[in-house]
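The structure displayed is predicted, hence computed values, not measured ones. Only heavy atoms go into these numbers, but all of them, side chains included; no hydrogens, no water, no symmetry mates.
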Amino acid sequence: MSKDRLSASRRLDVALALVSQADYVAAADVARAAIAADPDWDEAHFTLGDIYERANETENAIEAFRQYLILDPLDRMGGEVRLTILGAAAMRDRLPPDYVRALFDDYAPRFEISLRDRLAYRGPELLLEAVRTYLNAMAEPVEVLDLGCGTGLVGEVFGGNFAAIDGIDLSPRMINRARAKGIYRTLVAGDITDMPDDLGAQYSLVVAADVLNYLGDLAPALRAAQARMKPGGLMVFSLEHGDVFPYDLGPGQRFRHHEQAIDEWLRECGFDVLSDALGVLRQEKGVPVQGRIMVVRATSELALLGNDLIVPTDPDQASGQTVH
């Protein structure tokens with residue numbers, strides 16, 4: 001660490017301490033001093049943007065996040081996401097994979113404590129409850145694919161009920177924690193929209209707990225899942241409901257999906273809906289986060305070719321319209 005970076009780091013620590021006291025004016029002053037000590041430190045610019053955003057200084061926040069992106073084009077801290085929420089960047093069809101990977105690599109050591117103890121997360125239990133009705137009709141052996149498996153919370157809930165369970169996740173550190181539990185047959189680090197050959201191609205059940213929220217356009221993930229399933233296989237997943245067609249990005253940096261868009265994606269990617277229910281997925285700042293718990297069945301083939309799928313921005317669909 002250079003002398004300038006060391007000085008900048010100490011100042012940024014002070015700025016973060018001031019943020020915890022909600023003294024955003026002083027925090028911004030100290031963060032700017034950190035940048036003066038090391039102008040090329042991307043993290044300092046991102047932190048300054050975060051401070052400005054908390055202080056409702058939107059224009060200053062936008063400028064700081066843009067400077068951060070110049071210094072870190074891979075966007076490991078999610079500057080583009082913040083700009084999108086601030087209305088200063090175009091809506092993308094997914095969160096940047098490098099950002100999601102870095103986010104969950106960092107999050108891995110405290111992931112389960114945060115989700116289970118602080119956020120009262122119940123996604124895996126809700127998904128198993130939703131699909132249980134259909135399990136007796138499934139031919140044995142039932143092999144399960146866990147999309148976005150994280151540290152293995154789905155494996156803990158689903159694993160003992162089936163012949164085998166495999167998992168895939170963007171974050172290698174999350175995968176390592178899941179592997180230590182000894183629940184999964186196969187675990188791979190990879191993208192659920194482009195799954196590697198290490199995974200099977202005849203799964204009876206695919207589970208996606210709180211992972212599709214990091215994608216706007218669901219078609220690539222649904223097509224990839226359908227390609228790995230037996231005809232008639234089941235997929236159960238959770239989503240956050242949105243009123244904007246086809247999706248919008250919520251303040252929690254997760255996508256919210258419109259009911260009509262979900263139905264169209266499912267039909268066009270070769271799925272029939274079996275059940276669609278509401279449930280409280282977790283708490284966020286003390287407020288229950290309600291999501292949709294869906295069970296769908298894979299048909300024999302995709303209903304349409306890929307270029308016939310709905311386009312993420314449909315000018316003929318009124319924003320906020322709810323379709324029943």
Within a strict 4.5 Å, meaning less than it, do heavy atoms of the [X] and [Y] side chains meet?
X	Y	answer
Phe255	Leu239	no
Pro96	Val81	yes
Arg94	Thr193	yes
Arg122	Val280	no
Leu218	Phe237	no
Met138	Phe162	no
Asn161	Leu128	yes
Leu212	Ile192	yes

From CA spacing to verdict: side-chain contact (heavy atoms from CB on, under 4.5 Å), Glu129, Ile293: CA-CA 10 Å; Glu129 182 180 331; Ile293 309 296; over 6 Å; no
Look up atom [atom1] in [X] and atom [atom2] in [Y], then write down how far apart they are to the nearest 0.5 Å.
X	Y	atom1	atom2	value
Arg82	Glu53	CZ	CD	4.5 Å
Leu249	Ile85	CG	CD1	4.5 Å
Asp263	Phe271	CG	CZ	13.5 Å
Glu80	Leu95	CD	CG	9.5 Å
Asn176	Lys181	CG	NZ	12.5 Å
Thr299	Arg267	OG1	CZ	11.5 Å

List, by chain and then residue number, the residues other than Val289 in its hydrophobic cluster (Ile/Leu/Val/Met/Phe/Trp/Tyr, side-chain heavy atoms under 4.5 Å); write none if there are no others. none
Go through the structure and list residues passing ring-ring contact (aromatic ring centres under 6.0 Å, His included) with Tyr214, not counting sequence neighbours. Phe104
Scan for salt bridge (charged side-chain N to carboxylate O under 4.0 Å, His left out) pairs involving [range], sequence neighbours excluded, and state none if there are none.
range	result
residues 132-144	Glu143-Arg185
residues 230-240	Glu240-Arg254, Glu240-Arg282
residues 99-109	Asp98-Arg101, Asp106-Arg110

Give a yes or no answer on whether the side chain of Ser7 reaches the backbone of Asp4 with a donor-acceptor pair at less than 3.5 Å. no
Determine, step by step, whether Leu69 and Leu83 satisfy the side-chain contact (heavy atoms from CB on, under 4.5 Å) criterion, reporting the C-alpha distance in whole Å, the side-chain angles of both residues, the deciding distance to 0.1 Å, and the verdict. CA-CA 10 Å; Leu69 285 170; Leu83 287 172; 3.5 Å; yes
Return the set of residues passing salt bridge (charged side-chain N to carboxylate O under 4.0 Å, His left out) with [X] (not counting sequence neighbours), or none when no residue passes.
X	result
Asp42	none
Arg256	Asp248
Arg11	none
Asp276	Arg292

When you group the ILVMFWY residues by side-chain heavy-atom contacts below 4.5 Å and let the links chain together, are [Y] and [X] in the same group?
X	Y	result
Tyr52	Leu71	no
Ile168	Val211	yes
Val154	Val131	yes
Met294	Leu278	no
Leu215	Met91	yes

[X] to [Y] - nearest heavy-atom pair and separation:
X	Y	answer
Pro97	Leu170	O-CD1, 4.0 Å
His257	Tyr247	CD2-CB, 3.9 Å
Ala178	Gly150	CB-O, 3.5 Å
Thr151	Ala108	CG2-O, 4.3 Å
Ser204	Pro141	OG-O, 4.0 Å
Val188	Pro196	CG2-CG, 4.0 Å

Does a salt bridge link Arg228 with Asp166, judged by any charged N lying under 4.0 Å from a carboxylate O? no
Below 4.0 angstrom, N of the basic side chain to O of the carboxylate: do Asp38 and Arg5 qualify? yes
Can Cys149 and Leu187 be said to form a side-chain contact (heavy atoms from CB on, under 4.5 Å), step by step? CA-CA 9 Å; Cys149 63; Leu187 284 164; 3.8 Å; yes
Testing Val157, Asp210, Val207 for side-chain contact (heavy atoms from CB on, under 4.5 Å) with Pro124, which one passes? Val157
Donor-acceptor pairs under 3.5 angstrom involving side-chain atoms of residues 54-67: please list them, not counting sequence neighbours.
unit_1 : atom_1 : unit_2 : atom_2 : d
Arg54  : NE     : Asp50  : OD2    : 2.7
Glu57  : OE1    : Asn60  : ND2    : 2.8

Can you pull the ring pair (Phe, Tyr, Trp, His ring centres under 6.0 Å) pairs that have at least one residue in residues 184-211, sequence neighbours excluded? none
Donor-acceptor contacts, no H, no angles, side chain residues 23-31, under 3.5 Å, sequence neighbours left out:
unit_1 : atom_1 : unit_2 : atom_2 : d
Asp23  : OD1    : Ala26  : N      : 3.3
Asp29  : OD1    : Arg32  : NH2    : 2.2

Steps toward side-chain contact (heavy atoms from CB on, under 4.5 Å) verdict (Glu156, Leu153): CA-CA 5 Å; Glu156 291 178 346; Leu153 293 177; 3.8 Å; yes
